[in-house]
J.: 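Once you've had a glance at the structure underneath, I'll fire off some questions.
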Number of protein chains: 2
Amino acid sequence: MITLPTVVTDSSTLTINEAAETTGWSPRMLRYIEEMGLVVPSRSGAGYRLYGAGDLQRLRTLRDLLDGHGVGLAEIGFARRLVNDTNLATAVHGWLESTPIRPEEIAADDWLAWEQQKHMALLDRAETSST
Amino acid sequence: MITLPTVVTDSSTLTINEAAETTGWSPRMLRYIEEMGLVVPSRSGAGYRLYGAGDLQRLRTLRDLLDGHGVGLAEIGFARRLVNDTNLATAVHGWLESTPIRPEEIAADDWLAWEQQKHMALLDRAETSST
DNA sequence: CGAACCTTGACACTCCGGTGATAACCTTGC
DNA sequence: GCAAGGTTATCACCGGAGTGTCAAGGTTCG
């Protein structure tokens, strides 16, 4: 391990390459992820990205989220839109409600809860039901 | 208008081409939309797709939903997954909650509600807050 | 039977998400 | 000032969403 000119090591913030190494993302992807607003690190005076512990954590969980559920960054971005844009959420929610859902497509255990609480808020169940 | 061999006109179900005309979607897209489970018409004995009033309605609102909010079919499919797969929803929800959100990105009016009710269910707001 | 419609399957094309590579140019620390 | 590293901007490539089109083969009904 060669001694490098440590650019910024104020507290426990990592630069993009360091963050890349510890999270498994490529620097390129870190920039991309930032670009779509999913993980936006703070910046040093000179404009260097500074990844804090929270950022790193989020980057790792993001990775898990992605390959754990076959979801793409775009979908997460979309989910974020759903959260931030009440209009969109209402519209989508409304459309889905009007959709006749065939039980076969839904995991049995999920289905029961869904059917019974159809009129509850979408994710409200995530807090009331413990796994 | 030539007289066609009316394939199946039981009640008020339309065949795919008719449905296509009244909804604005191409037959191709209707099949595609069905393929991703968004609008799945019933079938005649011979396997012909039969679009009922509900299906047609959903197809039209789907169109509005899409070009009204710049959303893709894939996103709607994803939203559906969110609704049906509690696991996914919880995971995504959890990740988003851990995300530090910067106000600038959020519509001012939305933001207030969001900030204050940060711990409420995602879409619960859609029902409590009236626009 | 035959015209007009339906079905599935597949090829093809465009646009965009996801990524790498590379260039041209600042920043930091020895 | 120089090396290692950071920054933005871009070109490039692959795969998947979205969509048209065509082929081969059933269905319906006059």
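Computed from a prediction, not measured in an experiment: that's the story for all the values here. Below, read A as the first sequence line, B as the second, and so on, with proteins coming before strands; counting in each chain starts at 1.
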J.: By a strict heavy-atom criterion of less than 4.0 Å, which residues belonging to residues 64-74 of chain B are in contact with DNA chain D?
T.: B/G72, B/L73, B/A74
J.: From CD of B/E35 over to P of D/dG18, roughly how many Å is that when rounded to an integer?
T.: 11 Å
J.: Rounded to whole Å, please give me the gap between CD1 in A/I33 and C1' in C/dG17.
T.: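 From A/I33 CD1 to C/dG17 C1': 13 Å.
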J.: Is the shortest side-chain N/O distance from B/S26 to OP1 or OP2 of D/dG20 below 4.0 Å?
T.: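 Yes, such a contact exists.
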J.: Say whether, by atom type as modelled, one donor and one acceptor occur between the side chain of B/R80 and the main chain of B/G37 under 3.5 angstrom.
T.: yes
J.: Select one nucleotide: of C/dT19, C/dC5, C/dG18, the one nearest the side-chain heavy atoms of A/W25.
T.: C/dT19
J.: I need the CD1-P distance between B/I16 and D/dG26, as an integer number of Å.
T.: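 Whole-Å distance recorded here is 19 Å.
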J.: Return the value, rounded to whole Å, for the distance between atom CZ of A/R43 and atom P of C/dC26.
T.: 16 Å
J.: On a heavy-atom basis, which atom in B/A19 and which in B/L56 lie closest, and how many Å separate them?
T.: CB-CD2, 3.8 Å
J.: So, for B/L82 and B/A89, which heavy atoms are closest and what is the spacing to 0.1 Å?
T.: O-CB, 3.3 Å
J.: Where the side chain of B/W25 meets the backbone of B/L59, is there a donor-acceptor pair that is under 3.5 Å apart?
T.: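 Judged by distance alone, yes, a pair lies under 3.5 Å.
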J.: How long is the line joining CZ of A/R31 and P of D/dT7, in whole Å?
T.: 5 Å
J.: If you take all heavy atoms of B/L62 and A/W95, which pair is closest and at what distance?
T.: N-NE1, 3.3 Å
J.: Is the side chain of A/R63 donor-acceptor paired with the backbone N or O of A/G24 at a distance under 3.5 Å, no angle test?
T.: yes
J.: Between D/dG5 atom P and A/L50 atom CG, what is the distance in whole Å?
T.: 17 Å
J.: Can a donor-acceptor pair be found, under 3.5 Å and without considering hydrogens, that links the side chain of B/E18 to the backbone of B/T15?
T.: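 Indeed, once roles are kept as given, a pair shorter than 3.5 Å links the two residues.
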J.: To the side chain of B/M29, which of D/dG20, C/dT19, D/dG26 is closest?
T.: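 Per side-chain heavy atoms of B/M29, the pick is D/dG20.
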J.: 5'-most contact on DNA chain C: A/Y32 or A/G45, nearest heavy atom basis?
T.: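 Nearest-nucleotide comparison on DNA chain C picks A/Y32.
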J.: Could you state the atom-to-atom distance from CD of A/E75 to P of C/dC16 in whole Å?
T.: 16 Å
J.: Is any side-chain nitrogen or oxygen of A/R28 closer than 4.0 Å to OP1 or OP2 of C/dA21?
T.: no
J.: Send over the distance from B/L38 CG to D/dG18 C1', rounded to a whole Å.
T.: 13 Å
